[in-house]
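Okay, structure first, notes after.
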Amino acid sequence: QEELVESGGGLVQPGGSLRLSCAASEFTLDAYAIGWFRQAAGKEREGVSCITSGGSTFYTDSVKGRFTVSSDNAKRTVYLQMNSLKPEDTAVYYCAARVSRTQSNTPSTYDYWGQGTQVTVSS
């Protein structure tokens, strides 16, 4: 059973940093695109970033220049480094895997999801 497990969320002050991890069990990353999504209270889930099996990366405009996605295939783990965090980044963050080598920021196109990790940016 394919499974994704996120970790690294928490409470951070504005301007601070967090690194989220997404560990994949039972499958390797070579045939998957991994997306990061977030869902704030009362809002729809939105795509934040994606990394394809070929290493191409994509970001939504609101996080460009602040967030960086990377992968370690040997560890079957994808990371989301989040810098210069803002209160509006507060949300539950999810990673998801898509059986495709292309990127997507549409949640319905992903096949497997993690349980989510809370990120709260507040002073």
Side-chain angles (χ1 to χ4, degrees):
Q1 178 71 30
E2 291 82 356
E3 185 179 35
L4 297 170
V5 179
E6 301 100 334
S7 61
L11 172 65
V12 64
Q13 292 187 341
S17 298
L18 283 174
R19 188 177 79 157
L20 305 184
S21 299
C22 173
S25 65
E26 306 303 325
F27 62 90
T28 61
L29 301 179
D30 5 26
Y32 294 81
I34 304 295
W36 284 98
F37 294 80
R38 65 187 179 187
Q39 188 164 18
K43 295 187 177 181
E44 292 188 355
R45 193 167 297 190
E46 67 165 341
V48 174
S49 180
C50 179
I51 184 166
T52 68
S53 57
S56 298
T57 58
F58 302 87
Y59 303 93
T60 192
D61 286 347
S62 62
V63 308
K64 283 180 181 176
R66 300 189 299 122
F67 290 12
T68 303
V69 62
S70 61
S71 66
D72 184 334
N73 287 359
K75 295 183 178 179
R76 296 188 294 190
T77 301
V78 173
Y79 304 97
L80 185 67
Q81 177 68 42
M82 306 186 296
N83 299 328
S84 302
L85 282 161
K86 304 175 181 180
E88 51 264 45
D89 295 318
T90 295
V92 178
Y93 283 71
Y94 300 88
C95 66
R98 164 178 157 86
V99 184
S100 170
R101 289 185 167 84
T102 61
Q103 72 91 19
S104 170
N105 63 358
T106 303
S108 62
T109 65
Y110 284 77
D111 303 288
Y112 307 102
W113 289 83
Q115 82 288 353
T117 185
Q118 177 71 46
V119 171
T120 303
V121 184
S122 174
S123 54

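FYI, side chains are in, hydrogens and waters are out, and symmetry mates aren't considered; it's all heavy atoms of this structure. A quick note: this is a predicted structure, and the numbers were derived from the prediction, not measured.
Contact record, Lys86 with Val121: O-CB, 3.3 Å, taken as the closest heavy-atom pair. Of all heavy-atom pairs between Pro14 and Ser123, the closest is CD-N, 3.7 Å.
Gln39 contributes atom CD, which lies 12.0 Å from atom OH of Tyr93 (distance to the nearest 0.5 angstrom). Atoms CG and SG, on Leu4 and Cys22 in that order, are 4.5 Å from each other to the nearest 0.5 Å. Atom SG in Cys50 sits 7.0 Å away from atom CZ in Phe58 (nearest 0.5 Å).
A donor-acceptor contact shorter than 3.5 Å is absent between the side chain of Tyr110 and the backbone of Asn105. Between the Asp111 side chain and the Val99 main chain, a donor and an acceptor come within less than 3.5 Å of each other. Formation of a donor-acceptor pair under 3.5 Å by the Glu6 side chain with backbone atoms of Gly116 is found in this model. Side-chain atoms of Ser104 come within 3.5 Å of backbone N or O of Thr106 as a donor-acceptor pair. A donor-acceptor pair is defined here as one N or O able to donate and one able to accept, closer than 3.5 Å; such a pair exists between the side chain of Asp72 and the backbone of Lys75.
The only member of Val48, Asn83, Thr68, Val69 that meets side-chain contact (heavy atoms from CB on, under 4.5 Å) when paired with Val63 is Val48. Tested against Ser21 for a side-chain contact (heavy atoms from CB on, under 4.5 Å), the candidates Thr117, Thr77, Val78 yield a single pass: Thr77.
With a 4.5 Å cut-off on side-chain heavy atoms, Ser17 and Gln81 count as touching. The closest side-chain heavy-atom distance from Val5 to Gln115 is below 4.5 Å. Using a 4.5 Å heavy-atom threshold, the side chains of Gln103 and Ile51 count as separate. Phe67 has its side chain out of reach of Ser49: every pair of non-hydrogen atoms, C-beta onward, lies at least 4.5 Å apart.
Taking the ring centre of Tyr94 as origin, the terminal cationic atom of Arg38 falls outside the region bounded by 6.0 Å and 45° from the ring axis.
Under the 4.5 Å side-chain heavy-atom criterion for Ile, Leu, Val, Met, Phe, Trp and Tyr, Tyr59 and Leu85 are members of the same hydrophobic cluster. A continuous path of Ile, Leu, Val, Met, Phe, Trp and Tyr side chains, each step under 4.5 Å between heavy atoms, connects Tyr112 with Leu20, placing both in one hydrophobic cluster.
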Pair Tyr32, Arg101 - check side-chain contact (heavy atoms from CB on, under 4.5 Å), show working.
CA-CA 6 Å; Tyr32 294 81; Arg101 289 185 167 84; over 6 Å; no

Trace of the side-chain contact (heavy atoms from CB on, under 4.5 Å) decision for Ile34 with Leu29
CA-CA 8 Å; Ile34 304 295; Leu29 301 179; 4.0 Å; yes

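More than 12 non-hydrogen atoms from other residues, nucleotides or ligands lie less than 6.0 angstrom from CD of Glu88.
Note: Trp113 and Phe37 have tilted aromatic rings, judged against thresholds of 30 and 60 degrees for the angle between ring planes.
In this structure, Arg66 pairs ionically with Asp89, as a charged nitrogen and a carboxylate oxygen lie closer than 4.0 Å.
For the 3.5 Å distance criterion, the side chains of Thr120 and Ser122 fail to qualify, holding no donor opposite an acceptor.
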